[in-house]
Amino acid sequence: MPSLLSICILSLSFLTNVFVNALGGSLSHQFRSMAEMGLLPDGTPMRISGQIQKPLKATTSAAGNSTPESIVPEYVTLPLDHFHSGNGSAGTFNNRFWVAESGYKFGGPVFLYDAGETDAEGAALFRLQNQTSFFKQIVDAYGGIGIVWEHRYYGNSTPFPIDLNTPAEKFTYLTTEQALADIPVFAANFSRKDIKADLTPESTPWIFVGGSYPGIRAALMRKFYPDTIYASFASSAPVEAKNDMSVYYEPIWRGMNAYGWGNCTKDIHAAINYMDKAMEKPAAAATLKERFLGLGASNNTNAGFADALTTPFYLWQSYGVEGGATGLRSFCDWLATDPVTNTTSGAAGWAATKGANFTVSRWASFPYFLDMVNAYMTTNCSGLATVEGNCNLQLRFSDPASISWTWQYCTQWGFLQSANLGPTQLVSRYNSLQHQVDICHRQFPDTPLSLLPAWPAVEKTNAHFGGWNMRPSNVYWSGGEFDPWRTLSPLSSEPWAPHPNLFTESIPKCGVSTNKSEIFAYIMPNAEHAFDFRTTFPGGAVSRGYFTSALTEWLKCFKPKR
């Protein structure tokens, strides 16, 4: 019988069961979309303040019709290369987008929601039609037009099929620079046949909305294309490119302790150190891997097994400790329970009194761990001591969106989430920084360094884009208190971050950038990644309010150019 997790994953058309190294990219993006919809990873409604979130329904059109506005995918032809001589000589491709216009009132803005590093189809209509969508709420409040934009090289916006056989040379034009340049070309020619108004940025203000990597793009569009994008909402935007992102796990440790799961962090830490020590000896390492994943798992490297041990943290950035059966609450409840006495561990965890091997045994027997590994890492470990599975933890990513995102972070952004060694360590030391970059070259073997550098070119990226010191005007920044990606945003609290003064009590003047020592931004308490994009999170309304208050003022300054 298929497992619960397998059924849930396969039942969701937009959720691809792939492991994504950077705990970002396609899979995490899709989990975030589900959370925005009020859904757990298994597709069931989330509980909100002790109640179950009501099933989502599409809203009626502005005219009051009983059926929602009909929205179909549309395409625009764009050049692959925007920057070199003979623009268009490299060829063209068709980029997909969706438009909602039923709420438009003459003079209203155009809002563009950037779907980012994923196939945009799964959540496009939700964002444009559903009454619980923050994006639809904002678009309608301003009498605007809403657009969901699919990033080049994702979904149906690919210049050619993307699979494991796609030559690395084909990804030459998958850069953040080229993808940003797509927007001005599209916007300059945008029109709707039933709207008799000039909807281009020459006459209509365009507002860019994005969270995570699209949040980076929101800020960059204002920096590089202010004549196209008039204002931006940059949520959870890690604009500082960095190779060593072992700090990713620090907000998880802090958040779990803040939420009352200190016993769990202590037990995980003890278990990880115990397993790392065991893996120093090949025989013990083989036994450990098969203890968790069944016969045949011993063929994997220690680093591959370390990747498997990170899977309990996959839902953190989208759900915090929640996430249903596969969330950290479920996992920690299991670790904290003594199955013999049915008692719960105290603040120190069980490892302190029963030994780390007790916690390791509880982890290995967690009912959903095997399913998580098999689903996220596209493998087929048996979990049984007598049945050999096809358990390969070193597979290349086969999902097209994951392939594209791997190219992006391996060439430009880094974001290599290795082990956070030290007293707050949550993942195995075999998940080393070298292992993380090796995954890049495993994914694109035999690629020349001229195309795929030995290490992601983060210094070049920051020099070009500005990193976390950028301060484009008409941008509102936000982040979650315990968001792992906040660590590389201008809102970072890490000791090596710049620490500008965050303010919301006043709104920056139209078109005026703040200096590096301050930034118009807000940190949502008890929140994780882009939590202001979900109407099921009460604290998100505060953040959205800061953005809309600013936008209302900024729009008063807009002057059509024709």
Side-chain angles (χ1 to χ4, degrees), residues 17-23 25 27 164 243-246 248-249 268-269 271-314 356-357 360-361 363-364 366 369-385 387-399 402-403 405-406 409-410 414-421 425-447 452 454-456:
N17 56 337
V18 292
F19 168 63
V20 182
N21 168 43
L23 289 184
L27 181 58
L164 290 174
N243 281 328
D244 182 356
M245 199 190 176
S246 55
Y248 180 94
Y249 296 97
I268 291 173
H269 180 74
I272 285 294
N273 284 334
Y274 180 95
M275 290 189 280
D276 278 355
K277 185 66 176 178
M279 284 190 281
E280 292 177 1
K281 298 180 180 180
T287 300
L288 181 66
K289 294 164 192 174
E290 296 199 344
R291 181 179 176 184
F292 273 76
L293 299 173
L295 190 63
S298 59
N299 295 324
N300 290 284
T301 64
N302 290 349
F305 183 61
D307 288 337
L309 293 174
T310 67
T311 56
F313 304 107
Y314 274 30
N357 190 44
V360 171
S361 295
W363 189 335
F366 179 56
F369 182 73
L370 179 69
D371 289 334
M372 291 157 65
V373 172
N374 282 338
Y376 297 157
M377 303 183 72
T378 58
T379 190
N380 189 26
C381 305
S382 72
L384 302 172
V387 177
E388 184 167 1
N390 184 16
C391 187
N392 188 344
L393 306 177
Q394 286 87 224
L395 293 172
R396 296 162 67 200
F397 312 137
S398 59
D399 169 67
S402 300
I403 294 172
W405 176 240
T406 303
Y409 78 74
C410 288
F415 301 154
L416 305 177
Q417 289 138 30
S418 56
N420 60 326
L421 301 177
Q425 183 179 347
L426 290 173
V427 299
S428 169
R429 62 179 165 87
Y430 289 99
N431 180 28
S432 65
L433 189 59
Q434 183 63 53
H435 168 61
Q436 289 291 309
V437 78
D438 287 346
I439 290 174
C440 294
H441 298 279
R442 180 183 75 191
Q443 184 66 34
F444 303 101
D446 305 319
T447 301
L452 179 66
W455 288 85

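- Counting heavy atoms from C-beta outward, Asn273 and Arg429 have side chains that stay 4.5 Å or more apart.
- Contact record, Pro456 with Val437: CD-CG2, 4.1 Å, taken as the closest heavy-atom pair.
- A side chain to side chain contact (heavy atoms under 4.5 Å, CB included) with Gln436 is found for exactly one of Asn431, Asp244, Asn243, namely Asn431.
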Decide yes or no on side chain to side chain contact (heavy atoms under 4.5 Å, CB included) for Ile268 and Phe313, but give the supporting numbers first.
CA-CA 11 Å; Ile268 291 173; Phe313 304 107; 4.1 Å; yes
Start with the C-alpha gap between Tyr248 and Leu416, add the side-chain angles, then the distance that decides, and say whether side chain to side chain contact (heavy atoms under 4.5 Å, CB included) holds.
CA-CA 9 Å; Tyr248 180 94; Leu416 305 177; over 6 Å; no
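- Taking CZ from Phe305 and OG1 from Thr310, the interatomic distance works out to 11.0 Å, rounded to the nearest 0.5 Å.
- Rounding to the nearest 0.5 Å gives a distance of 10.0 Å between CG of Asp399 and CG of Leu164.
- A donor-acceptor distance shorter than 3.5 angstrom exists from the side chain of Thr379 to the backbone of Asn392, with no hydrogens or angles considered.
- Every residue two or more places apart in sequence or in another chain that forms a salt bridge (charged side-chain N to carboxylate O under 4.0 Å, His left out) with Lys277 is listed here: Glu280.
- The closest side-chain heavy-atom distance from Tyr430 to His435 is not below 4.5 Å.
- With contacts defined as side-chain heavy-atom distances shorter than 4.5 Å, the pair Leu370/Leu293 qualifies.
- Counting heavy atoms from C-beta outward, Thr406 and Arg396 have side chains that stay 4.5 Å or more apart.
- Scanning both residues, Ala308 and Leu393, for their nearest heavy atoms gives CB-CD1, 4.2 Å.
- Within the 4.5 Å cutoff, the side chain of Tyr409 has no heavy atoms near those of the Met245 side chain.
- Interatomic distance, Met377 CE to Phe397 CZ, rounded to the nearest 0.5 Å: 8.0 Å.
- Nearest heavy atoms, Gly294 versus Ser382: CA-OG, 3.9 Å.
- Residues Pro312 and Trp363 are in side-chain contact: their nearest non-hydrogen atoms beyond the backbone lie under 4.5 Å apart.
- Between the side chains of Ser428 and Asp276, a donor-acceptor pair is found at a separation under 3.5 Å.
- At a threshold of 4.5 Å between non-hydrogen side-chain atoms, the residues Leu452 and Cys410 count as touching.
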What verdict does the side chain to side chain contact (heavy atoms under 4.5 Å, CB included) test give for Phe444 and Ile403, after you've listed the backbone C-alpha separation in whole Å, the side-chain angles of each residue and the deciding distance to 0.1 Å?
CA-CA 9 Å; Phe444 303 101; Ile403 294 172; 4.0 Å; yes
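- Not one N or O on the side chain of Gln425 forms a donor-acceptor pair closer than 3.5 Å with the backbone of Ala419.
- Summarising the geometry, atom OG1 belonging to Thr287 is positioned 12.5 Å from atom CE belonging to Met279; distances are rounded to the nearest 0.5 Å.
- Summarising the geometry, atom CD belonging to Glu290 is positioned 11.5 Å from atom CG belonging to Leu384; distances are rounded to the nearest 0.5 Å.
- For the pair Asn300 (side chain) and Cys391 (backbone), a donor-acceptor distance under 3.5 Å is present.
- Side-chain atoms of Asn390 do not come within 3.5 Å of backbone N or O of Asn380 as any donor-acceptor pair.
- Using a 4.5 Å heavy-atom cutoff, the side chains of Arg291 and Val360 are in contact.
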Between Leu426 and Ile272, does the side chain to side chain contact (heavy atoms under 4.5 Å, CB included) criterion hold? Intermediate values first, please.
CA-CA 7 Å; Leu426 290 173; Ile272 285 294; over 6 Å; no
